[in-house]
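Naming convention: chains lettered A, B, ... in sequence-line order (proteins, then strands); numbering from 1 in each chain.
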Amino acid sequence: MPELPDVEVFRQYFDATSLHQRVTAVDTRDARVLEDITPETFREALTGREFAASSRHGKNFFAHLDAGNFLLLHFGMTGELKYFEHPDQEPDHTRVLFTFDNGWHLGYVNMRMLGKVNVISSIDEYVEKQSLGPDALQLSYDQFAGLLSSKRGMIKSAFMDQSLMAGLGNIYSDEVLYQSGIHPKRQMTGLGEDQYHTLYKKMCEVLNTAIDCQVDTTEFPENYLIKHRDQEDTCPRCGGDIRKIKVSSRSTYFCPDCQPE
DNA sequence: AGTACCACCTGACGGC
DNA sequence: TGCCGTCAGGTGGTAC
């Protein structure tokens, strides 16, 4: 699930549960989620430290350690955070377990382990190294238009390209395009200023709405495609059939009537 | 530069 | 019940 809104909600959850807590123990249950750091180095970097602040860039989460460095969490396709008190509450697939001096635990849970965990010394350097574009929610319209106009190919590919702008993945790209009435395979070169304005407005609206709803899709507006991501379902706007196709080898849902090619 | 694959992983689901 | 193929909200590498 984790795209920008999900990670932002994880960040808020982290702040509400784990901020200003001191880490007393770190248990790496499966070292394969560690990026390029040994379990020993990882444990030593965190044990005794306090989480002083948190931030996010696109789909990447950073917990700021009081030592001046940062815990990086990337959630892949199946990652999440869980704060709990008793060991029998520990979720399946907990890959890293942090224990605080109040006795509670924070689990980095990730079934498929496609994410990664690390300790880094600089967020800016990390963003640079990963070639991440600006965070999608930090863009002005002018920046957004400038980025898009530098890009060719299919629009959905552009929205999913983390080096152009960071944060949108498969689901929210589909949602922005649906809300904008633009076909996911539309070529960037065919878009005009009107469409740039629509896309920018809808992108901000969709991301902020998802965060406001705490990414609980039952709370999303009824006219959101995300509630109708099903081949059997119908378009909440026109009642036509939702179609499923592949765009850059990712499942893509759209309404052929509302989003003409 | 853009696209199309493959790979990394685990688990759920449907068909036989 | 079990086996098999397919699919799943991410990313990185490679080859055309």
May I ask you to decide if the ring planes of A:Tyr108 and A:Phe75 are parallel, tilted or perpendicular, using 30° and 60° as cut-offs? tilted
For atom CD of A:Glu8 and atom P of C:dG9, their distance in whole Å: 22 Å
Please state how far atom CE in A:Met77 lies from atom P in C:dG12, giving the value in whole angstrom units. 14 Å
C1' atom, C:dG2 versus B:dC9: distance in rounded Å? 23 Å
At less than 4.0 Å, is any side-chain N or O atom of A:Lys244 found next to OP1 or OP2 of C:dA8? Yes or no. yes
Regarding the side chain of A:Ser251, the nearest nucleotide among C:dG10, C:dA8, B:dT10 is C:dA8
Hey, does A:Arg32 reach any base, or is it just sugar-phosphate, or nothing, if we go heavy atoms under 4.0 Å? sugar-phosphate
Between A:Arg229 and A:Asp174 (salt bridge meaning N to carboxylate O under 4.0 Å), is one present in this structure? yes
Looking at C:dG12, I'd like to know if its phosphate oxygens (OP1 or OP2) sit under 4.0 Å from a side-chain N or O belonging to A:Gln130. yes
note: A:Glu3, atom CD; C:dG9, atom C1'; distance rounded to Å ~ 5 Å
Under 4.5 Å side-chain linkage, directly or through intermediates, the cluster mates of A:Ile242: A:Tyr178, A:Leu225, A:Tyr253
Parallel, tilted or perpendicular, as decided by the 30° and 60° cut-offs, for the rings of A:Phe62 and A:Phe70: perpendicular
Say whether A:Thr24 and A:Asp101, considering side chains only, have a donor N or O and an acceptor N or O under 3.5 Å apart. no
Pairs where residues 202-250 of chain A contributes a residue and the test ring-ring contact (aromatic ring centres under 6.0 Å, His included) is met, not counting sequence neighbours: A:Phe220-A:Tyr224
Distance in angstrom units between A:Phe75 CZ and C:dT11 C1', rounded: 16 Å
Protein-nucleotide distance (A:Arg29, atom CZ; B:dT10, atom P), rounded to Å: 17 Å
Length of the CE-P vector between A:Met111 and C:dA8, whole Å: 13 Å
Less than 4.0 angstrom from a charged side-chain N to a carboxylate O is my criterion; do A:Asp257 and A:Arg237 meet it? no
Looking across every strand, which nucleic acid part, if any, lies under 4.0 Å from A:Met113 by heavy atom: base, sugar-phosphate, or nothing? sugar-phosphate
How is A:Glu175 classified with respect to the nucleic acid when contacts are heavy atoms under 4.0 Å: base, sugar-phosphate, or nothing? nothing
Greater than 12 external heavy atoms within 6.0 Å of A:Asn102's CG: yes
Search all heavy atoms of A:Asn69 against all heavy atoms of A:Ile120 and return the closest pair with its distance. CB-O, 3.3 Å
For DNA chain B, what residues of residues 202-222 of chain A have any heavy atom nearer than 4.0 Å? none
Say whether A:Asn110 and A:Thr78, considering side chains only, have a donor N or O and an acceptor N or O under 3.5 Å apart. yes
Rounded to whole angstroms, how far apart are CD on A:Glu35 and C1' on C:dG12? 11 Å
Mind running a 4.0 Å heavy-atom check of residues 120-129 of chain A against DNA chain B and sending the residues that fall below it, in number order? none
Got a donor-acceptor contact below 3.5 angstrom from the A:Thr252 side chain to the A:Arg250 backbone? yes
Pair assignment for DNA chain B - dot-bracket with | for other-strand partners, Watson-Crick or G-U under 3.5 Å: .|||||||.|||||||
Counting only distance, no hydrogens or angles, is the base of C:dG9 paired donor-acceptor with the side chain of A:Asp174 under 3.5 Å? no
Each nucleotide in nucleotides 1-8 of chain B should get exactly one letter: B, S or -. Can you fill that in based on protein heavy atoms under 4.0 Å? SSS----B
Under 4.0 Å between a side-chain nitrogen and a carboxylate oxygen: does that hold for A:Asp27 and A:Arg29? yes
Could you tell me whether the side chains of A:Tyr13 and A:Gln214 share a donor-acceptor contact shorter than 3.5 Å? no
At less than 4.0 Å, is any side-chain N or O atom of A:His93 found next to OP1 or OP2 of B:dG11? Yes or no. yes
C:dT11 phosphate, OP1 or OP2, under 4.0 Å from A:Lys59 side-chain N/O: yes
Any side-chain donor paired with an acceptor under 3.5 Å for A:Gln179 and A:Glu175? yes
Euclidean distance, atom CG of residue A:Asn60 to atom C1' of C:dG10 [Å, nearest integer]: 11 Å
Between A:Asp142 and A:Ser140, is any side-chain donor less than 3.5 angstrom from a side-chain acceptor? no
